[in-house]
Visitor: 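Would you mind keeping the following structure in view while I ask a few things?
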Protein chains: 2
Amino acid sequence: MSTPLTREKLLDSAEHMFARRGFDGASVRDITADAGSNLGSVNYHFGDKQGLLREVILRRAKRIVEGRDAMLALAVEAAGGKAPTVRAILEAFIAPTVNMAGEHPDFAALMSRMHYEGRFALVGEVFERAFHKSLRAFVAELAKAAPTVPEDEIKWRIFFTVGAFVFVTINPRMIFTVTRSDAAKPDPRALTRRLVDFCAAGMQAPASCKGVRK
Amino acid sequence: MSTPLTREKLLDSAEHMFARRGFDGASVRDITADAGSNLGSVNYHFGDKQGLLREVILRRAKRIVEGRDAMLALAVEAAGGKAPTVRAILEAFIAPTVNMAGEHPDFAALMSRMHYEGRFALVGEVFERAFHKSLRAFVAELAKAAPTVPEDEIKWRIFFTVGAFVFVTINPRMIFTVTRSDAAKPDPRALTRRLVDFCAAGMQAPASCKGVRK
DNA sequence: CGCATAATCAAACGAACGTATGAAAATGTC
DNA sequence: GACATTTTCATACGTTCGTTTGATTATGCG
């Protein structure tokens with residue numbers, strides 16, 4: 001078999017457990033029990049626990065970046081010479097993640113957690129390699145699409161954008177608790193639309209900087 | 001002494017350790033060693049490790065909500081009969097948190113982490129009690145200030161807002177890595193202004209909902 | 001002072017952790 | 001079918017974990 005069954009089950013279970021309990025909170029025993037495999041299988045297949053986390057992340061992160069870059073290229077092409085709209089760029093940025101969150105909510109939750117568990121050099125390295133090159137391309141494209149906004153401001157605002165969807169994709173339960181909304185299943189398309197509405201307006205807002213540049 | 005020294009040192013050290021390593025990653029031994037107190041002091045003063053976390057959160061969360069509510073009341077008063085502007089409301093919502101993040105970055109990081117470690121019933125309960133009542137008041141005020149935006153949309157957008165500042169307050173190091181900005185010290189006032197610019201525009205954006213209400 | 005209460009301390013407990021080991025079973029190849 | 005390789009398995013090792021205990025010291029107060 002080209003794709004060992006135990007390996008895949010371990011990745012699935014680890015994705016689930018790491019997302020729900022964090023790296024420290026999910027024990028190798030929990031994960032292997034959930035995967036129905038032996039205790040030693042993690043060390044055999046991935047070296048150690050951290051190697052397992054690395055593979056869990058790498059397995060899907062590349063897909064998101066590929067989706068983003070593909071949609072961005074499509075938007076650039078569709079604009080035909082001119083710069084794509086801010087909306088189109090942000091949709092290319094947001095949609096692949098929201099869609100991934102719909103298909104693999106555990107992975108979305110894990111990614112969000114990893115943004116906050118910065119103590120792993122591993123995670124920083126993986127994020128750097130997987131996301132940041134693409135991210136810089138988006139900043140460049142946004143700078144062209146919103147020429148009146150200073151590039152510094154664009155960089156901040158792309159992070160506000162990341163923060164917005166990272167936050168809402170991990171724990172919609174809390175949001176529904178507060179909003180008391182009964183639309184309990186957030187349709188990925190509707191969520192993307194909401195996010196793009198919000199972030200595109202924010203991205204193009206005039207900067208009220210009082211010229212305090214040092 | 002009315003404020004026992006050991007207790008305070010434990011809270012400070014726990015805030016720091018929990019923020020940096022998470023609840024599971026920070027051991028009681030780490031915390032007591034950092035506080036210079038005995039291993040058993042956590043259990044003596046707080047019952048157990050989770051009780052320590054509860055006190056760490058409660059110590060500061062109330063201040064943030066008080067700050068928000070006070071600034072909101074001020075904005076309502078200043079508007080004199082009319083509804084305050086969206087900007088004023090969002091500034092009242094954001095500024096106390098950003099200021100707190102400036103004064104106590106460890107607490108800000110901890111709060112962000114806690115948003116993602118939802119497995120503690122404790123955290124959910126504390127958040128509900130500490131924040132959500134105030135949050136609903138902000139939603140109501142925003143609904144008046146932006147009457148053209150459906151209330152459902154307002155609720156989503158206030159969460160996008162929370163996501164934006166939760167994200168940027170926890171780990172500015174990563175952001176600077178990507179932006180390669182050398183303005184390494186994010187002034188709280190400048191950060192608040194940036195966030196308000198972004199979120200106020202997003203809050204008032206026309207909703208491009210295609211009327212797919214179920 | 002004398003005494004009750006509060007706080008600190010060193011030491012130890014059982015449990016759970018990540019990992020290592022060597023034998024057993026499964027798999028692929030000739 | 002025999003052999004080499006890969007994969008599983010039960011088991012054990014050494015650490016570290018959160019918590020408990022009982023003695024010891026400090027503190028508040030009449």
Side-chain angles (χ1 to χ4, degrees), chain A residues 1-59 110 113-114 117 119-123 125-126, chain B residues 1-59 110 113-114 117 119-123 125-126:
Chain A
M1 195 73 78
S2 62
T3 59
L5 198 125
T6 300
R7 242 186 93 97
E8 289 301 314
K9 289 225 50 159
L10 281 174
L11 288 172
D12 291 340
S13 295
E15 184 175 80
H16 184 245
M17 294 291 187
F18 284 154
R20 292 194 154 263
R21 311 184 192 179
F23 183 76
D24 295 304
S27 70
V28 173
R29 283 169 173 81
D30 292 336
I31 293 167
T32 52
D34 184 78
S37 70
N38 187 265
L39 174 59
S41 56
V42 163
N43 299 86
Y44 175 76
H45 285 285
F46 304 99
D48 58 10
K49 189 183 181 184
Q50 188 157 300
L52 173 59
L53 174 63
R54 168 189 281 114
E55 288 303 314
V56 168
I57 295 179
L58 286 178
R59 181 169 64 149
L110 174 60
R113 285 191 88 120
M114 289 304 111
E117 304 198 357
R119 72 199 173 84
F120 302 120
L122 155 69
V123 172
E125 163 209 324
V126 168
Chain B
M1 196 72 79
S2 63
T3 58
L5 198 126
T6 300
R7 243 187 90 98
E8 289 302 312
K9 287 225 52 159
L10 280 174
L11 288 172
D12 290 340
S13 295
E15 184 175 80
H16 183 246
M17 295 291 187
F18 284 154
R20 290 194 156 264
R21 311 185 192 177
F23 184 77
D24 294 304
S27 70
V28 174
R29 283 169 174 80
D30 293 336
I31 294 167
T32 52
D34 184 77
S37 69
N38 187 266
L39 173 59
S41 57
V42 162
N43 298 87
Y44 176 77
H45 285 285
F46 304 99
D48 59 10
K49 189 184 182 184
Q50 188 158 302
L52 173 59
L53 174 63
R54 169 190 280 115
E55 288 303 314
V56 168
I57 295 179
L58 285 179
R59 181 169 64 148
L110 174 60
R113 285 191 90 120
M114 288 305 111
E117 305 200 357
R119 74 199 171 85
F120 302 120
L122 154 69
V123 172
E125 162 209 324
V126 167

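This one's a predicted model, so the numbers in the text were calculated from it and none came from an experiment. Residue numbers start from 1 in every chain, and the chains themselves are labelled A, B, ... in the order their sequence lines are given, proteins ahead of strands.
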Visitor: Can you tell me the distance, in whole Å, between the CG atom of B:Asp30 and the P atom of D:dC17?
Guide: 6 Å
Visitor: Once you round it to whole Å, what is the distance between C1' of D:dT6 and CZ of A:Arg7?
Guide: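 Atom CZ in A:Arg7 sits about 14 Å away from atom C1' in D:dT6.
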Visitor: Within this structure, what is the CG-to-P distance between A:Asp24 and C:dA16, rounded to whole angstrom?
Guide: 17 Å
Visitor: Rounded to whole angstrom units, what separation is found between the CG atom of B:Leu10 and the P atom of D:dG18?
Guide: 14 Å
Visitor: On DNA chain C, compare the nucleotides closest to A:Asp48 and B:Gly40; which residue's is nearer the 5' end?
Guide: B:Gly40
Visitor: Please assess A:Asp12 against A:Arg59 for the test salt bridge (Lys or Arg N to Asp or Glu O under 4.0 Å), listing each intermediate value before the final yes or no.
Guide: CA-CA 10 Å; A:Asp12 291 340; A:Arg59 181 169 64 149; 3.0 Å; yes
Visitor: So, does A:Thr6 get its side chain near the phosphate of D:dT7, meaning an N or O under 4.0 Å from OP1 or OP2?
Guide: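 No, because none of the side-chain N or O atoms of A:Thr6 sits under 4.0 Å from OP1 or OP2 of D:dT7.
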Visitor: If every non-hydrogen atom of B:Lys49 is compared with every non-hydrogen atom of B:Phe18, which pair is closest and at what distance?
Guide: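 In this case the closest contact between B:Lys49 and B:Phe18 is CE-CE2, 3.9 Å.
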Visitor: So what is the 5' to 3' dot-bracket string for DNA chain D, if pairs are Watson-Crick or G-U wobble with both distances under 3.5 Å, crossing pairs use [ ] and | means the partner sits on another strand?
Guide: ||||||||||||||||||||||||||..||
Visitor: Would you say a side-chain N or O of B:Ser27 is under 4.0 Å from OP1 or OP2 of D:dC17?
Guide: yes
Visitor: Which whole-number value in Å describes the distance from A:Lys9 NZ to D:dT8 P?
Guide: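 Atom NZ in A:Lys9 sits about 13 Å away from atom P in D:dT8.
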Visitor: Restricting to non-hydrogen atoms, name the atom on B:Met114 and the atom on B:Leu53 that form the minimum distance, rounded to 0.1 Å.
Guide: SD-CD2, 4.1 Å
Visitor: Of all the choices, C:dA7, D:dA10, D:dT7, which nucleotide is nearest to the side chain of B:His45 once you look at every atom?
Guide: C:dA7
Visitor: In terms of side-chain heavy atoms, does B:Ser27 have a donor or acceptor partner in B:Asp30 at a distance below 3.5 Å?
Guide: yes
Visitor: In whole Å, what is the span from the NZ atom of B:Lys49 to the P atom of D:dG18?
Guide: 4 Å
Visitor: Relative to the 5' end of DNA chain D, which residue comes earlier, A:Tyr44 or A:Leu39, by the nucleotide with the nearest heavy atom?
Guide: A:Tyr44
Visitor: Atom CG in A:Asp34, atom NE2 in A:His16: separation rounded to 0.5 Å?
Guide: 7.0 Å
Visitor: State whether B:Ser41 places a side-chain N or O below 4.0 Å from either non-bridging phosphate oxygen (OP1 or OP2) of C:dC9.
Guide: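 So the side-chain polar atoms of B:Ser41 never come under 4.0 Å of the phosphate oxygens OP1 or OP2 of C:dC9.
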Visitor: Quick one: does B:Phe46's side chain get under 4.5 Å of B:Leu10's, heavy atoms only?
Guide: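 Contact flag for B:Phe46/B:Leu10 side chains = yes.
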Visitor: Between P on D:dC9 and CG on A:Asn43, what's the gap in Å once rounded to a whole number?
Guide: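 Going from A:Asn43 (CG) to D:dC9 (P), I get 15 Å.
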Visitor: Round to a whole Å and report the spacing from CZ of A:Phe46 to C1' of D:dT8.
Guide: 15 Å
Visitor: Nearest 0.5 Å, what's the NE2-CD distance between A:His45 and A:Glu8?
Guide: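 Interatomic distance, A:His45 NE2 to A:Glu8 CD, rounded to 0.5 Å: 10.5 Å.
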Visitor: Any side-chain N or O of B:Asn38 under 4.0 Å from OP1/OP2 of C:dA10?
Guide: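 So the side chain of B:Asn38 is within the cut-off, an N or O lying under 4.0 Å from OP1 or OP2 of C:dA10.
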Visitor: Looking only at the side chain of A:Arg29 (C-beta and beyond, no hydrogens), which of the listed nucleotides D:dA12, D:dC17, D:dT8 gets closest?
Guide: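 Selected nucleotide (nearest to the side chain): D:dA12.
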